[in-house]
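Structure, as structure tokens:
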Amino acid sequence: MESFWNKAKTFAEEAANKSQSLTNSTKIADLFAETAKKSKEFALEASKKADEFKTAALKQADQIPIKSITDIIPPQLASSLSSIASSSSGPTASDLELQKFGITDDLRDFVKGLTSSTFQNFPIQDEAEASDVPNTTSNVRKDLTGWQERHATLVLATVKGISKLRYELCPRVMKERKFWKIYFTLVSTHVAP
């Protein structure tokens, strides 16, 4: 029994010595500094990995073929679903209407070349908005002219890239009013007045 007590006493003395060495303020400060440094390194590495995953996911998403409803759904269901969809989404744009609102192959190619940095670096002053103008049912701002509103709706429906850009930029980077002002300034040479 006495050896047990001796072992316990020895263990307690060692613990007390270690405790005293840890309470030394410089060692604690070093421990905190090293922990903070490691945390920053882990956070930086996690951020880099997240960016890599995002880039890879976007690349894979762009490679997914867009199938028509008839490729996915059996024909008997497809006809009933397409009639429901066409009645709820309104009329689709004809080639004549696309031409009328300036949606040409030349415009599509130009718009596909636009990037978020094109919009972010565009030299335009921010305007103080008198009021926040609501969106219409077509998800395009009401402060556009009728022609601009229909053009914007058609370009969003026919050019995947501009819709994606708009989602990235509005409202996190810029207001929608500024986005459309820059867009119409950029495409002014590609559409008839």
Side-chain angles (χ1 to χ4, degrees), residues 40-69 71-72 85-86 88-193:
K40 286 179 184 177
E41 289 173 3
F42 288 141
L44 182 62
E45 188 175 330
S47 177
K48 286 179 182 177
K49 286 289 184 190
D51 288 342
E52 289 173 11
F53 286 138
K54 176 185 169 188
T55 303
L58 287 173
K59 285 180 182 176
Q60 288 179 352
D62 287 340
Q63 293 174 355
I64 296 173
I66 299 173
K67 297 183 177 185
S68 70
I69 196 167
D71 292 339
I72 301 169
S86 65
S88 65
S89 65
T92 58
S94 66
D95 289 338
L96 185 61
E97 184 180 26
L98 290 173
Q99 195 71 31
K100 176 182 174 186
F101 287 97
I103 312 295
T104 62
D105 290 335
D106 182 42
L107 177 85
R108 286 186 188 103
D109 291 339
F110 178 75
V111 170
K112 286 177 185 176
L114 297 177
T115 64
S116 60
S117 60
T118 306
F119 282 82
Q120 291 172 337
N121 298 330
F122 193 83
I124 191 169
Q125 290 185 352
D126 290 326
E127 298 176 357
E129 292 188 46
S131 67
D132 197 15
V133 182
N135 293 347
T136 63
T137 56
S138 65
N139 202 21
V140 176
R141 298 214 24 124
K142 194 105 173 153
D143 57 344
L144 300 174
T145 67
W147 186 92
Q148 287 176 327
E149 182 180 338
R150 186 62 184 149
H151 173 90
T153 303
L154 290 171
V155 82
L156 286 171
T158 58
V159 183
K160 180 175 137 182
I162 194 71
S163 183
K164 192 174 170 184
L165 265 176
R166 180 172 164 244
Y167 176 77
E168 286 176 19
L169 295 170
C170 301
R172 286 171 268 194
V173 177
M174 65 180 59
K175 294 189 184 234
E176 194 161 340
R177 167 182 265 177
K178 182 177 178 182
F179 175 86
W180 287 114
K181 187 172 186 177
I182 292 170
Y183 169 82
F184 282 111
T185 303
L186 290 168
V187 301
S188 63
T189 59
H190 296 275
V191 292

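Positions are given from 1 along the sequence. In what follows, every heavy atom counts, from backbone to side chain, and hydrogens, waters and symmetry copies are set aside. Computed from a predicted structure; not experimentally measured.
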Exercise for the section: Using the side chain to side chain contact (heavy atoms under 4.5 Å, CB included) rule, take Arg108 and Leu98 through it: C-alpha gap first, then chi angles, then the decisive distance, then the call. Expected result: CA-CA 11 Å; Arg108 286 186 188 103; Leu98 290 173; 3.5 Å; yes
Problem - Residues Phe184, Thr145; criterion side chain to side chain contact (heavy atoms under 4.5 Å, CB included); working and verdict - result: CA-CA 11 Å; Phe184 282 111; Thr145 67; over 6 Å; no
Fill in the blank from the handout: Residues at least two apart in sequence or cross-chain that pass salt bridge (charged side-chain N to carboxylate O under 4.0 Å, His left out) with Asp51, listed by chain then number, are none
Looking only at heavy atoms, what is the nearest atom pair of [X] and [Y], with distance?
X: Phe179; Y: Leu165; answer: CE1-C, 4.4 Å
X: Val173; Y: Glu168; answer: CG2-O, 4.2 Å
X: Leu144; Y: Ala152; answer: CD1-CB, 4.3 Å

Exercise for the section: I would like to know whether Val191 and Phe101 meet side chain to side chain contact (heavy atoms under 4.5 Å, CB included); could you show each step before the answer? Expected result: CA-CA 8 Å; Val191 292; Phe101 287 97; over 6 Å; no
Exercise for the section: Look up atom CZ in Arg150 and atom CD1 in Ile103, then write down how far apart they are to the nearest 0.5 Å. Expected result: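 Result: 9.5 Å between the selected atoms.
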Exercise for the section: Please list all pairs passing the side chain to side chain donor-acceptor pair (under 3.5 Å) test where one or both residues lie in residues 110-122, with sequence neighbours left out. Expected result: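 As it turns out, the side chain to side chain donor-acceptor pair (under 3.5 Å) pairs with a partner in residues 110-122, which skip direct neighbours, are Thr115-Ser117, Thr115-Thr118.
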Handout entry: Qualifying residues under ring pair (Phe, Tyr, Trp, His ring centres under 6.0 Å), relative to Phe110, sequence neighbours excluded
Key = His190
Handout entry: Listed partners of Tyr183 passing ring pair (Phe, Tyr, Trp, His ring centres under 6.0 Å), at least two apart
Key = His151, Trp180
Exercise for the section: Determine, stepwise, if the pair Ile182 / Met174 fulfils side chain to side chain contact (heavy atoms under 4.5 Å, CB included). Expected result: CA-CA 11 Å; Ile182 292 170; Met174 65 180 59; 4.2 Å; yes
Handout entry: Member of Val111, Asp109, Leu107, Leu154 meeting the side-chain contact (heavy atoms from CB on, under 4.5 Å) criterion with Val159
Key =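 Checked Val111, Asp109, Leu107, Leu154 against Val159; only one passes side-chain contact (heavy atoms from CB on, under 4.5 Å): Val111.
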Practice task
Measure from NZ or CZ of Arg166 to the centre of the six-membered ring of Phe119, then state whether that distance is under 6.0 Å and the direction lies within 45° of the axis.
Solution key: no
Problem - Donor-acceptor contact present, side-chain Ser163 to main-chain Lys160, <3.5 Å - result: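 The answer is no, because no donor-acceptor pair under 3.5 Å joins these two groups.
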Practice task
Report the residues that fulfil side-chain contact (heavy atoms from CB on, under 4.5 Å) with Lys49, sequence neighbours left out, ordered by chain and then residue number.
Solution key: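 Only Glu52, Phe53 meet the side-chain contact (heavy atoms from CB on, under 4.5 Å) criterion with Lys49.
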